[in-house]
Amino acid sequence: MSSLANNYNRRKIAFKKGKGSFLYSINGNRYLDFVQGIAVNSLGHSNSYLTKKLIKQAKKVWHVSNAFQIPEGEKLAKRLTKKTFADKVIFQNSGAEATEVAIKIARRYFYSIGKPKKNRILCIKNSFHGRTLATIFASGSKKMTEGFLPKVEGFDHFEFGDHKGLKKAITNKTAAIMVETIMGEGGIKVIPDWCLRDLRKICNKRKILLILDEVQCGIGRTGKFFAFDYSGVKPDIVPIAKGIGGGFPIGAVLMNKKAASSMIAGTHGSTFGGNPLAMSVGNAVLDQIFKKGFLKNVQKVSKYFHNELNKIKNEYPKLIKEVRGVGLLIGLQLFHDQTKFIQKLIDNKLLTIRAAENTIRILPPLTVTKKEIDLAIKIIKKVCKEYRV
Ligand SMILES: *Cc1c(COP(=O)(O)O)cnc(C)c1O
């Protein structure tokens, strides 16, 4: 019997190694891994460049306290601010921490300008911002919060797509609107660009902050550095995590000057956040993603993937409801529960993962090749052909 707690329903597969888009199980099977740790291994498994940079740093210094300067972190923050809307960065270790710090920053900003009662965060009902106490109540999900009362106060909710409900839910106590640019766990639900632009306008008009959670959809996943880059919108605060570490645990909050202004010494801290080892890996990930043509290639291969998936959808219109997502953040929505379909894909050596609304999440590494996409398409076609509801 396992000594690990039972908070996960784990599949009975373990891996001995990974390379690029593939994972090799201990019993000798090769899997095409289109989960990649849930959009974490942006450059695939055991990327040789990342490994080289990790080992190089490991031989120098792993960890020092944030009581000292950390040049690797200075460098990563500088690169992130140079390429994006942001002026300042705080490093963390995970997505939940990053979103929770985003909430702290929003509250602290209004506190610092003499409006401490402006402290509520408006979120989408059944969204996902992590699993800490605050972030589960931010999600407004009954399932995630069950058994974890008392409620962490300060969150209000509106339904995805309910523009009237959103406007009604904003009060003079609202400090920020926080949404995932693309809802990952929620079923790869994309907020259209025009809605993002509207959100920005609403936030400007009501003088509140806009937080876009890019923990899953950011760092090149959609073919742009941020998913919101397609809309031209500039948010105030952006938590990131998953893809930035390429498999090493890193979280971060990017923010503009205004949002950063209240985060003076002593307002936030993290023992591990931004340590030299993590920062070196983060820099190595950016070395690759910022390479000329890298994101263009993500756009190109993902367009091909979406086209092929839509062809399958047209061939099986009673099985597949919708191909969702942007770039390599892809959702295949079925008309019924997706559990069996995912198992069939695994039986055929393709790994995918579920999301809400009967959706199968397909998350290849950003380095995926056309040949690997063709292999996935072949497997998905085979499963569709043999599938009986
Ligand atoms: C995964 C995720 C988080 C939480 O990240 P953890 O590293 O698991 O804490 C937060 N927001 C979004 C949108 C995510 O997809």
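As the structure is a prediction and not an experimental result, all values here were calculated from the model. First listed ligand is number 1; within each ligand, the first listed atom is number 1.
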(message) For Phe160, give me all partners under ring pair (Phe, Tyr, Trp, His ring centres under 6.0 Å), at least two apart in sequence or on another chain.
(response) none
(message) Can you confirm whether Tyr24 is buried at OH, in the sense that more than 12 heavy atoms of other residues, nucleotides or ligands lie under 6.0 Å from that atom?
(response) yes
(message) Using a 4.0 Å cut-off on heavy atoms, what residues surround ligand 1? Order them by chain and number.
(response) Ser94, Gly95, Ala96, Phe128, His129, Gly130, Glu180, Asp213, Val215, Gln216, Lys242
(message) For Phe225 and Phe290, I'd like to know if the aromatic rings sit close, meaning centre-to-centre distance below 6.0 Å.
(response) yes
(request) Hydrophobic side-chain clustering at under 4.5 Å (ILVMFWY, transitive links): who's grouped with Tyr109? Put none if nobody. (result) Ile90, Val101, Ile103, Ile105, Phe110, Ile113, Ile121, Phe128, Leu133, Ile136, Phe137, Met144, Phe148, Leu149, Val152, Phe155, Met178, Leu209, Ile211, Ile237, Val253, Met255, Met263
(message) Checking Glu153 now: which residues fulfil salt bridge (Lys or Arg N to Asp or Glu O under 4.0 Å) with it, not counting sequence neighbours?
(response) Arg120
(message) So that I can tick it off, tell me whether Glu357 and Lys189 are bridged by a salt bridge, with the cut-off set at under 4.0 angstrom between side-chain N and carboxylate O.
(response) yes
